[in-house]
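All heavy atoms count here, side chains included; hydrogens, waters and symmetry mates do not.
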Amino acid sequence: MRSVLDYEMDYIFRLYNKQVKSLGFDAMANTSNRKLQKVFALKYNDLFKQIKGLNEKLGKSREEVSYAILKIRRLIALWEKEGIIKVEGGVGFSENDKYKEFPIFASQHFEIAPTKETILKLQAKAIDTFIETFNHRIDEANLDHKYRINNLRDLRLALIKHKGLDMTTATKLTDIYRQHSSKSDIYHFSRNTNRSF
């Protein structure tokens with residue numbers, strides 16, 4: 001069952017995915033978490049305008065547009081509470097807002113930055129894209145499938161051999177992928193994760 005906030009979540013995920021692709025694997029792997037948090041920070045005012053514009057283009061009524069904006073505000077408050085993002089100036093609620101449905105922000109011009117945990121998940125996403133691209137090239141070149149990345153050990157070796165990373169960095173990135181990628185991304189690695197590095 002889809003959540004009432006799924007559209008808004010998908011919208012922000014699309015913005016993040018676009019940024020991941022724009023930066024590319026090397027920048028995602030080699031840039032510090034603090035710098036990546038700045039790169040992935042979103043300005044609420046821009047988000048507000050985008051959500052408003054998209055809903056107006058769809059021909060929605062003023063009430064529906066207002067509700068769409070309220071939903072993005074609720075998503076921001078929820079993600080702040082769950083530690084997914086950090087809201088500049090924090091999130092508040094009025095005393096009369098018993099169910100915390102109407103978030104209050106310090107201004108209309110605050111920034112929303114992903115937390116370190118979210119950055120690690122985005123790095124895992126970049127690593128997953130690297131794996132897909134790498135394996136696709138192996139398939140297109142009709143090379144033996146033993147050269148594909150099939151497990152975490154293969155991933156670490158590919159990062160060293162084909163990306164030229166030192167052993168420490170390759171191990172760190174492999175560990176990020178193991179810990180922070182979604183279960184579906186690493187499902188096909190499950191039989192080989194206990195192999196020694």
Original post:
So if you build clusters from Ile, Leu, Val, Met, Phe, Trp, Tyr with side-chain heavy-atom gaps below 4.5 Å, do I176 and I160 land together?
Top reply: no
Subject >> For N150 against D154, the heavy-atom pair lying closest together >> reply: N-OD2, 3.0 Å
**OP:** Considering non-hydrogen atoms only, spot the tightest contact between Y11 and Q50 and give its length.
**Re:** OH-OE1, 2.7 Å
**OP:** Just jot down the side-chain contact (heavy atoms from CB on, under 4.5 Å) partners of F102, sequence neighbours excluded, or say none.
**Re:** L70, R74, D97
**OP:** Report the residues that fulfil ring-ring contact (aromatic ring centres under 6.0 Å, His included) with H136, sequence neighbours left out, ordered by chain and then residue number.
**Re:** none
Original post:
For T174 and L159, which heavy atoms make the closest approach, and how far apart are they?
Top reply: OG1-CD1, 3.9 Å
Subject >> Donor-acceptor contact present, side-chain E64 to main-chain S61, <3.5 Å >> reply: yes
Original post:
What is the distance from atom CD1 of I131 to atom CZ of F25, rounded to the nearest 0.5 Å?
Top reply: 9.0 Å
Original post:
According to a 4.5 Å side-chain heavy-atom criterion applied to Ile, Leu, Val, Met, Phe, Trp and Tyr, with indirect links allowed, do M167 and L157 form part of one hydrophobic cluster?
Top reply: no
**OP:** Measure the shortest side-chain to side-chain distance between L15 and L47 over non-hydrogen atoms and say whether it is less than 4.5 angstrom.
**Re:** yes
What pairs of donor and acceptor atoms, side-chain ones from residues 34-45 against any protein atom, are under 3.5 angstrom apart with sequence neighbours left out?
from	atom 1	to	atom 2	distance (Å)
Q37	NE2	P114	O	2.9
K43	NZ	E111	OE2	3.0
Y44	OH	R73	NH1	3.1

Subject >> Ring geometry between F134 and F130 (parallel below 30°, tilted from 30 to 60°, perpendicular above 60°) >> reply: tilted
Original post:
Closest heavy-atom contact between R156 and T171?
Top reply: NE-OG1, 2.8 Å
Subject >> side-chain contact (heavy atoms from CB on, under 4.5 Å) between Y16 and K125, intermediate numbers included >> reply: CA-CA 10 Å; Y16 282 165; K125 179 70 180 167; over 6 Å; no
**OP:** Check whether more than 12 heavy atoms from other residues, nucleotides or ligands sit under 6.0 Å from atom OH of Y147, and answer yes or no.
**Re:** no
**OP:** Would you name the heavy atoms of K60 and V65 that are closest together and state the gap between them?
**Re:** O-CG2, 4.0 Å
Original post:
Do E88 and H109 have side-chain atoms, one donor and one acceptor, less than 3.5 Å apart?
Top reply: no
Subject >> Note, Q19 side chain near L122 side chain (heavy atom, < 4.5 Å) >> reply: no
**OP:** Compute whether any side-chain donor of one residue and acceptor of the other, for D175 and Q179, lie under 3.5 angstrom apart.
**Re:** yes
Original post:
Got more than 12 heavy atoms from elsewhere within 6.0 Å of CZ, R14?
Top reply: yes
**OP:** Answer with yes or no whether the side chains of Y177 and Q123 bring together a donor and an acceptor at under 3.5 Å.
**Re:** no
Original post:
Hey, any chance I84 and V91 share a hydrophobic cluster, counting ILVMFWY side chains that come within less than 4.5 Å of each other, even indirectly?
Top reply: yes
**OP:** Taking the side chain as every heavy atom from C-beta outward, state whether I72 and I12 have any pair of such atoms under 4.5 Å apart.
**Re:** yes
**OP:** Can you measure from NZ (K121) to NZ (K116) and round to the nearest 0.5 angstrom?
**Re:** 13.5 Å
Original post:
Any donor-acceptor pair under 3.5 Å linking the side chain of K71 with the backbone of V4?
Top reply: yes
Subject >> For L173 against L165, the heavy-atom pair lying closest together >> reply: CD1-CD1, 3.6 Å
Subject >> Residue pair W79 / T118, side-chain heavy-atom distance below 4.5 Å >> reply: no
Subject >> Residue K52 excluded, over 12 heavy atoms near NZ under 6.0 Å >> reply: no
**OP:** State whether the side chain of D128 and the backbone N or O of A124 hold a donor-acceptor pair below 3.5 Å, judged by distance alone.
**Re:** no
Subject >> Set of ring-ring contact (aromatic ring centres under 6.0 Å, His included) partners for Y67, sequence neighbours left out >> reply: none
**OP:** Kindly write out the residues that satisfy side-chain hydrogen bond (donor to acceptor under 3.5 Å, both in side chains) with S66, not counting sequence neighbours, or none if the list is empty.
**Re:** none
**OP:** Only counting residues at least two apart or in another chain, list the ones meeting salt bridge (charged side-chain N to carboxylate O under 4.0 Å, His left out) with K172.
**Re:** none
Original post:
If Ile, Leu, Val, Met, Phe, Trp and Tyr residues are connected whenever their side-chain heavy atoms lie under 4.5 Å apart, and connections chain through other members, are L58 and L54 in the same group?
Top reply: no
